[in-house]
Amino acid sequence: MRLVTWNINSVRLREALVLRLIDEIAPDVICLQETKVADAQFPVAAFAERGYTHTAIRGMKSYNGVAILSRLPLTGIGTRDWVGKADCRHVYATLPNGVELHNFYIPSGGDVPDPATNPKFDHKLRFVDEMTEWWPKTRSADHPMVAVGDFNIAPLEHDVWSHKQLLDVVSHTPIEVEKLTAMQASLGWVDVARTFVPADEKLYSWWSYRARDWRVSDRGRRLDHIWVTPALAGGLSGHVTLRDARGWGPKPSDHVPVIVDLAA
DNA sequence: ATGGTAGCGTAGCTA
């Protein structure tokens, strides 16, 4: 089973790029974040034509929004509100092989890495804390699960272009990394990309729009993740973080797809 | 230290 996650930064604007991804990698399941569209306006038709007739969509006008598009039937579709906000950051479903798939868009957290003065950063930390408590309370570590999405945190030193220069930049601060690591430990989640790419090798999934030339400056961060529970870890057969997609025109997303192949 | 770009929707918020 091939699964892909991509922060698309408006699914209506970049519908053609999702179709290109479908043509190039033929995923069974597509998880999108920042779809930025209410469910009634989601462009389901073009994806259904390509065979992605099973959907779990949770979106709102203008902001956030997550979606699962699948060639395989989905059951047990659900969504959850986090930190008391109905802001469309989580949708989940179960695949025919029994794998429960969770698609998240964790809050970005604003600019100032201080929860006392920046409510967005406080929201982000609470969001991750709530996930950490929720997993073991509602799910078992031996249940086959995949958790994907834009986690907006780059946990490892080589998940950012400069560990030292990003220590006080939201996405790589010690408190965020600590909380993400705690969440990972809650069920023993396995970080798929890092089982294929050694931890001492740079790996990014996001490059800012603000750089003059993202390729030349290459100041990226690995914000997008695929995690699996230990039950699935033995069946991982491939991973790609699709750097090329950062250059897909005419208007690329600032994130690139992360792809996994699972034995299940 | 600052400003740089992008999407939504048409001002200003969010990233």
Side-chain angles (χ1 to χ4, degrees), chain A residues 5-21 31-43 46 57-67 81-90 103-115 117-128 148-155 159-162 164-173 175-177 180 204-225 243 245-258:
Chain A
T5 179
W6 195 8
N7 179 321
I8 194 63
N9 187 18
S10 173
V11 68
R12 286 180 292 179
L13 193 66
R14 281 182 253 282
E15 183 182 322
L17 293 189
V18 180
L19 296 178
R20 176 170 175 181
L21 180 73
C31 295
L32 301 174
Q33 304 86 35
E34 280 208 84
T35 52
K36 296 188 173 178
V37 63
D39 295 352
Q41 278 77 48
F42 194 100
I57 296 169
R58 176 141 166 87
M60 58 191 281
K61 190 178 172 181
S62 302
Y63 300 110
N64 312 325
V66 287
D81 294 337
W82 297 84
V83 200
K85 292 175 190 279
D87 54 357
C88 305
R89 294 179 180 276
H90 179 208
N103 180 12
F104 283 98
Y105 176 48
I106 294 178
S108 175
D111 289 330
V112 181
D114 175 7
T117 59
N118 174 10
K120 291 182 196 170
F121 194 68
D122 184 62
H123 178 218
K124 182 180 197 175
L125 298 182
R126 287 177 191 275
F127 196 106
V128 178
V148 309
D150 178 0
F151 293 180
N152 267 312
I153 298 171
D159 291 340
V160 295
W161 64 275
S162 168
K164 280 187 182 171
Q165 287 179 257
L166 282 134
L167 277 172
D168 60 352
V169 173
V170 172
S171 71
H172 192 63
T173 64
I175 181 73
E176 291 168 88
V177 171
L180 188 71
Y204 314 136
S205 67
W206 173 89
W207 292 259
S208 173
Y209 282 126
R210 296 176 188 175
R212 281 202 192 92
D213 186 329
W214 70 273
R215 261 181 241 274
V216 172
S217 55
D218 199 21
R219 295 185 169 189
R221 306 177 202 169
R222 189 170 69 102
L223 305 178
D224 303 274
H225 300 271
R243 181 185 172 98
R246 183 60 180 80
W248 285 1
K251 285 170 164 284
S253 172
D254 47 352
H255 295 253
V256 300
V258 182

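The chains referred to below are lettered A, B, ... by the order of the sequence lines, with proteins before strands, and numbering in each begins at 1.
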Distance check needed: [N] [atom2] versus [X] [atom1], whole Å only.
{"X": "Met60(A)", "N": "dT14(B)", "atom1": "CE", "atom2": "P", "value": "11 Å"}
{"X": "Asp213(A)", "N": "dG4(B)", "atom1": "CG", "atom2": "C1'", "value": "14 Å"}
{"X": "Glu15(A)", "N": "dC8(B)", "atom1": "CD", "atom2": "P", "value": "13 Å"}
{"X": "Asp168(A)", "N": "dT2(B)", "atom1": "CG", "atom2": "P", "value": "14 Å"}
{"X": "Asn64(A)", "N": "dC13(B)", "atom1": "CG", "atom2": "P", "value": "16 Å"}
{"X": "Gln165(A)", "N": "dT2(B)", "atom1": "CD", "atom2": "P", "value": "17 Å"}
{"X": "Glu34(A)", "N": "dG7(B)", "atom1": "CD", "atom2": "P", "value": "11 Å"}
{"X": "Lys36(A)", "N": "dC8(B)", "atom1": "NZ", "atom2": "P", "value": "6 Å"}

Problem set entry | Gap between atom CG of Leu223(A) and atom CH2 of Trp206(A) - 0.5 Å precision | 6.5 Å
Quantified in whole Å, what is the [atom1] atom distance between nucleotide [N] and nucleotide [M]?
{"N": "dA1(B)", "M": "dG12(B)", "atom1": "C1'", "answer": "24 Å"}
{"N": "dG3(B)", "M": "dC8(B)", "atom1": "P", "answer": "26 Å"}
{"N": "dG9(B)", "M": "dC13(B)", "atom1": "C1'", "answer": "11 Å"}
{"N": "dA6(B)", "M": "dA11(B)", "atom1": "C1'", "answer": "16 Å"}

Exercise. In terms of the nearest nucleotide of DNA chain B, which residue is placed more toward the 5' end: Ala211(A) or Asn7(A)?
Worked result: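 Nearest nucleotide further toward 5': that of Ala211(A).
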For this session: Please figure out whether Asn152(A) or Pro252(A) has its closest DNA chain B nucleotide nearer the 5' end.
Result: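 First, find each residue's nearest nucleotide; the 5'-ward one identifies Pro252(A).
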For [N], does either OP1 or OP2 sit under 4.0 Å from a side-chain N or O belonging to [X]?
{"X": "Ser208(A)", "N": "dT5(B)", "result": "no"}
{"X": "Arg221(A)", "N": "dA15(B)", "result": "no"}
{"X": "Arg14(A)", "N": "dA6(B)", "result": "no"}
{"X": "Lys120(A)", "N": "dT14(B)", "result": "yes"}
{"X": "Arg212(A)", "N": "dG3(B)", "result": "no"}

Of the options [options], whose atoms approach the side-chain atoms of [X] most closely?
{"X": "Arg210(A)", "options": "dT5(B), dG9(B), dG7(B)", "answer": "dT5(B)"}
{"X": "Ser62(A)", "options": "dG9(B), dG7(B), dA15(B)", "answer": "dG9(B)"}
{"X": "Tyr209(A)", "options": "dG9(B), dT5(B), dC8(B)", "answer": "dT5(B)"}

For this session: Would you indicate whether Asp213(A), at its atom CG, is surrounded by more than 12 heavy atoms from other residues, nucleotides or ligands within a distance under 6.0 Å?
Result: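 Above 12, so yes.
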Exercise. Ion pair present between Asp81(A) and Arg58(A), side-chain N to carboxylate O less than 4.0 angstrom?
Worked result: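 Yes, Asp81(A) and Arg58(A) are salt-bridged.
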Problem set entry | Pairing of Asp218(A) and Arg243(A) as salt bridge, 4.0 angstrom limit |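 Judged by the 4.0 Å cut-off on N to carboxylate O distance, Asp218(A) and Arg243(A) do form a salt bridge.
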Problem set entry | Ser171(A) and Glu176(A): side chain donor to acceptor below 3.5 Å |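 Short answer, no.
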Exercise. Per the side chain to side chain donor-acceptor pair (under 3.5 Å) rule, which among His172(A), His225(A), Arg222(A) passes with Asp159(A)?
Worked result: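 So the option named by the test is Arg222(A).
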Problem set entry | Donor/acceptor link under 3.5 angstrom from Tyr63(A) side chain onto base of dC8(B) | no
Exercise. Touch check for Arg219(A), heavy atoms < 4.0 angstrom, all strands: base, sugar-phosphate only, or nothing?
Worked result: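 Nothing, no heavy atom under 4.0 Å.
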